[in-house]
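Presented below is the structure to which this report refers.
For ligands, and for the atoms within them, numbers begin at 1 and follow the listed sequence. Quantities reported herein were computed from a predicted structural model and do not represent experimental measurements.
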Amino acid sequence: MKYIEVVAAIIRHKEKYLCVQRGVNKYPYISHKYEFPGGKIEKGESHQQALRREIQEELLMDIEVKEHLHTVEHRYPDFTIKMYAYLCTSANDEYTLTEHIHGLWLSKNELERLDWAAADIPIVQGIMRSKG
Ligand SMILES: Nc1nc2c([nH]c(=O)n2[C@H]2C[C@H](O)[C@@H](COP(=O)(O)OP(=O)(O)OP(=O)(O)O)O2)c(=O)[nH]1
C-alpha cells in the first residue's frame, strides 16, 4: 500500500480559517472534497519548509507557521496518508488559487458545513472543539 506524508496548513486570519476545494481527481473519494492547503513533504524538507513552499505554490500566499495542532493517519482505498496539521497565520486574507477550484474563509463553527476529505474530519473536529 502506498504511504505518503503530507503537511496541511490551518491558516487563520481574523478568527476565520481558509478551506480549499480539490478539483477532479483520479480517486473519486478525494474529488471535489474540501481540505486544508498543503501537500507532500519532499525529501530533505522540514515540515515548515514544505508548508511554506506548498502554500506559496497553491495560493501565492506567504504564511507564518505556528504550532503543530494534530497528526492524523488515514487509510484510503488506494493509499495511506500521514498528515501533520499546523496552525499558520497570514498577514491578510488575499490568495490566488492555482490548483484548487474554490476557496473560502470560514469561522470555526461553520467548518462542518463542508464536504471534507475523510482524513480531515478529525482535524476539523479538533479545531471546532478548541478554545480561542
Ligand atoms: N494537502 C492536503 N492533502 C490532503 C488533505 N486531506 C487529504 O486526504 N489529502 C490527501 C490528498 C492527496 O492525496 C494528498 C496530498 O497530496 P498532494 O496535494 O501533494 O498531491 P496530489 O496527490 O493531489 O497530486 P500529485 O502531487 O500526486 O500530483 O493527501 C488535506 O487536508 N490537505
Side-chain angles (χ1 to χ4, degrees):
M1 170 82 69
K2 193 165 77 155
Y3 183 86
I4 59 174
E5 289 202 309
V6 175
V7 282
I10 317 297
I11 306 174
R12 187 170 67 191
H13 183 70
K14 294 194 174 161
E15 309 300 317
K16 297 216 170 191
Y17 297 86
L18 185 56
C19 314
V20 292
Q21 186 180 23
R22 296 181 80 87
V24 70
N25 187 276
K26 63 181 167 182
Y27 302 124
Y29 47 87
I30 291 193
S31 286
H32 295 134
K33 296 291 184 182
Y34 278 85
E35 65 177 15
F36 295 106
K40 297 184 194 100
I41 304 164
E42 289 180 359
K43 222 173 162 180
E45 259 184 345
S46 66
H47 291 179
Q48 282 75 8
Q49 287 169 333
L51 281 162
R52 289 178 55 86
R53 175 184 52 73
E54 286 284 358
I55 301 312
Q56 194 51 247
E57 286 172 9
E58 294 182 0
L59 301 169
L60 309 183
M61 192 183 215
D62 238 338
I63 53 162
E64 200 173 318
V65 180
K66 306 285 191 185
E67 75 259 25
H68 171 252
L69 289 183
H70 308 278
T71 298
V72 296
E73 204 167 63
H74 184 82
R75 188 169 174 169
Y76 285 116
D78 305 277
F79 60 98
T80 297
I81 69 167
K82 185 166 190 178
M83 181 159 59
Y84 304 92
Y86 286 79
L87 183 66
C88 301
T89 56
S90 60
N92 57 53
D93 65 357
E94 287 164 30
Y95 59 88
T96 302
L97 297 179
T98 65
E99 292 177 19
H100 294 89
I101 60 171
H102 186 229
L104 75 175
W105 291 97
L106 290 183
S107 61
K108 205 158 61 172
N109 295 331
E110 295 170 327
L111 293 175
E112 67 185 352
R113 293 183 191 169
L114 300 179
D115 182 17
W116 290 95
D120 293 64
I121 290 171
I123 296 175
V124 169
Q125 289 170 343
I127 298 169
M128 294 185 74
R129 277 196 305 266
S130 66
K131 296 205 182 76

*Using heavy atoms and a threshold below 4.0 Å, how should the contact between H74 and ligand 1 be classified: side chain, backbone, both, or neither?*
neither
*State yes or no: are the ring centers of Y29 and Y76 separated by less than 6.0 Å?*
yes
*asked:* Counting non-hydrogen protein atoms only, what is the nearest one to atom 32 (N) of ligand 1? Give residue, atom name and distance.
replied: F36 O, 2.6 Å
*Roughly how far, to the nearest 0.5 Å, is the OG atom of S90 from the CG atom of D62?*
9.5 Å
*Which of parallel (below 30°), tilted (30 to 60°) and perpendicular (above 60°) describes Y86 and H68?*
perpendicular
*Taking Y17 as the fixed residue, which of L106, L111, V124 is the one that meets the side-chain contact (heavy atoms from CB on, under 4.5 Å) rule?*
L111
*Using modelled atom types only, decide if a donor and an acceptor are shared between the side chain of Q49 and the backbone of S46 within a distance under 3.5 Å.*
yes
*Could you check atom 6 (N) of ligand 1 against the protein and tell me its nearest heavy-atom contact, residue, atom and distance included?*
D120 OD1, 2.6 Å
*Least distance between heavy atoms, K33 atom then A117 atom*: CB-N, 3.6 Å
*Return the residue, atom name and 0.1 Å-rounded distance of the protein heavy atom closest to atom 21 (P) of ligand 1.*
R22 NH2, 3.5 Å
_I'd like to know if K108 and E15 make a salt bridge, using a cut-off of under 4.0 Å between side-chain N and carboxylate O._
no
*Atoms of ligand 1 close to G38 [distance to a heavy atom under 4.0 angstrom, numbered from 1]*: 1 (N)
*Using the side chain to side chain contact (heavy atoms under 4.5 Å, CB included) rule, take K40 and V7 through it: C-alpha gap first, then chi angles, then the decisive distance, then the call.*
CA-CA 6 Å; K40 297 184 194 100; V7 282; over 6 Å; no
*For the residue pair H47 and Y84, categorise the inter-ring angle as parallel (less than 30°), tilted (30 to 60°) or perpendicular (more than 60°).*
tilted
*At a 4.0 Å threshold, what atoms of ligand 1 neighbour a non-hydrogen atom of A119?*
8 (O)
*For E112, look at atom CD and say whether over 12 heavy atoms of other residues, nucleotides or ligands are found less than 6.0 Å away.*
no
*Atoms of ligand 1 less than 4.0 Å from I30 heavy atoms?*
11 (C), 13 (O)
*Looking at atom 25 (P) of ligand 1, would you say a protein heavy atom lies below 4.0 Å from it?*
yes
*Identity and separation of the nearest protein heavy atom to atom 13 (O) of ligand 1*: F79 CZ, 3.4 Å
*asked:* List ligand 1 atoms under 4.0 Å from Y76, heavy atoms only on the residue side.
replied: 7 (C), 8 (O)
*What protein heavy atom sits nearest atom 10 (C) of ligand 1, and how far off is it?*
I81 CD1, 4.0 Å
*To the nearest 0.1 Å, how far is atom 29 (O) of ligand 1 from its closest protein heavy atom, and which atom is that?*
V6 CG2, 3.7 Å
*Which residue and non-hydrogen atom of the protein lie closest to atom 2 (C) of ligand 1, and at what distance in Å?*
E35 OE1, 3.3 Å
*Side chain or backbone of Y27 under 4.0 Å from ligand 1, or both, or neither, by non-hydrogen atoms?*
neither
*Of all the non-hydrogen atoms in the protein, which one sits nearest to atom 28 (O) of ligand 1, and at what distance?*
K40 NZ, 4.6 Å
*Sub-4.0 Å heavy-atom contact, W116 with ligand 1*: no
